[in-house]
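Taking it in order: structure first as structure tokens, then the write-up.
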Amino acid sequence: MTLRNERATARRRVRFFGDVQGVGFRYTTCAVVREFEIDGYVRNRSDGSVELLAEGTPGEIERFLISLRDRLGGHIEREEAFEEPPTGEFGGFGIR
């Protein structure tokens, strides 16, 4: 399989739980991601959590998540993270 985004060597899906909806979580995520070479999306889930899907290099994803936690950690009570095979399907990062 050929990836459209060749820098996408890793993919991580993270669900954030806590006071994460209605506090600008998705918009802050989009502001933070501009500092990194990450593609994917962030979206609200019906259970009150926020889902983040990030593709990039493993190091870039980890630096992005650290920066995101620094900005939004006061709203996050817990996280669930899953590694998945990258697809390269994204041409940027956005809100869904």
Side-chain angles (χ1 to χ4, degrees):
M1 169 177 28
T2 302
L3 300 179
R4 284 191 285 181
N5 174 359
E6 299 210 5
R7 69 178 181 234
T9 59
R11 177 177 175 133
R12 192 174 308 171
R13 184 180 306 270
V14 183
R15 291 197 45 205
F16 297 96
F17 298 87
D19 184 25
V20 294
Q21 289 191 16
V23 295
F25 197 101
R26 293 173 299 155
Y27 298 100
T28 302
T29 299
C30 285
V32 171
V33 80
R34 289 186 205 128
E35 303 168 23
F36 301 91
E37 292 186 20
I38 298 290
D39 291 330
Y41 65 82
V42 61
R43 68 178 174 177
N44 285 343
R45 304 276 305 198
S46 61
D47 65 358
S49 68
V50 171
E51 178 182 66
L52 168 77
L53 185 67
E55 287 195 352
T57 65
E60 195 74 350
I61 292 172
E62 191 55 39
R63 286 186 291 278
F64 164 57
L65 290 173
I66 289 168
S67 184
L68 191 61
R69 289 179 197 113
D70 285 347
R71 292 267 190 93
L72 294 167
H75 298 284
I76 300 167
E77 290 178 10
R78 70 181 172 92
E79 300 176 23
E80 293 177 357
F82 307 93
E83 299 290 331
E84 301 176 356
T87 64
E89 67 191 271
F90 305 105
F93 191 93
I95 294 173
R96 286 197 173 170

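FYI, the numbering just counts along the sequence from 1. Just so it is clear, the structure is predicted and the values come from calculations on it, not from any experiment.
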Contacts table for residues 22-34: side-chain donor-acceptor under 3.5 angstrom, sequence neighbours left out:
unit_1, atom_1, unit_2, atom_2, d
Thr28, OG1, Gly24, O, 2.9
Thr29, OG1, Phe25, O, 2.7

Minimum heavy-atom distance Ile61-Ala54, with the two atoms named: CD1-O, 3.6 Å

Could you give the side-chain donor-acceptor pairs of residues 10-18 under 3.5 Å, partners two or more places apart or in another chain?
unit_1, atom_1, unit_2, atom_2, d
Arg11, NE, Glu84, OE1, 3.0
Arg11, NH1, Glu55, OE2, 2.8
Arg11, NH1, Thr87, OG1, 2.9
Arg11, NH1, Glu89, OE2, 3.1
Arg12, NE, Glu83, OE2, 2.8
Arg12, NH1, Glu62, OE1, 2.9
Arg12, NH2, Glu83, OE2, 3.4
Arg13, NE, Glu84, OE2, 2.6
Arg13, NH1, Tyr41, OH, 3.2
Arg13, NH1, Glu51, OE2, 3.2
Arg13, NH2, Glu84, OE1, 3.2
Arg13, NH2, Glu84, OE2, 3.4
Arg15, NE, Ser49, OG, 3.3
Arg15, NH2, Asp47, OD1, 3.3
Arg15, NH2, Asp47, OD2, 2.3
Arg15, NH2, Ser49, OG, 3.0

Under the salt bridge (charged side-chain N to carboxylate O under 4.0 Å, His left out) test, residues paired with Arg63 that sit two or more places apart: Glu60

Atom pair CG (Asp39) and CG (Leu53), whose distance is rounded to the nearest 0.5 Å: 10.0 Å

From CD1 (Ile95) to CG (Asn44), nearest 0.5 Å: 8.5 Å

Rounded distance (nearest 0.5 Å) linking atom CD1 of Ile76 with atom CG of Asp19: 10.5 Å

Pairwise ring pair (Phe, Tyr, Trp, His ring centres under 6.0 Å) hits with a residue in residues 54-80, at least two apart: Phe36-Phe64

Thr57 to Thr9 - nearest heavy-atom pair and separation: CA-OG1, 3.4 Å

Least distance between heavy atoms, Arg69 atom then Glu79 atom: NE-OE2, 2.7 Å

Pairing residues for Glu35 by the salt bridge (charged side-chain N to carboxylate O under 4.0 Å, His left out) criterion, not counting sequence neighbours: Arg71

Contacts of type ring-ring contact (aromatic ring centres under 6.0 Å, His included), residue Phe93, not counting sequence neighbours: none

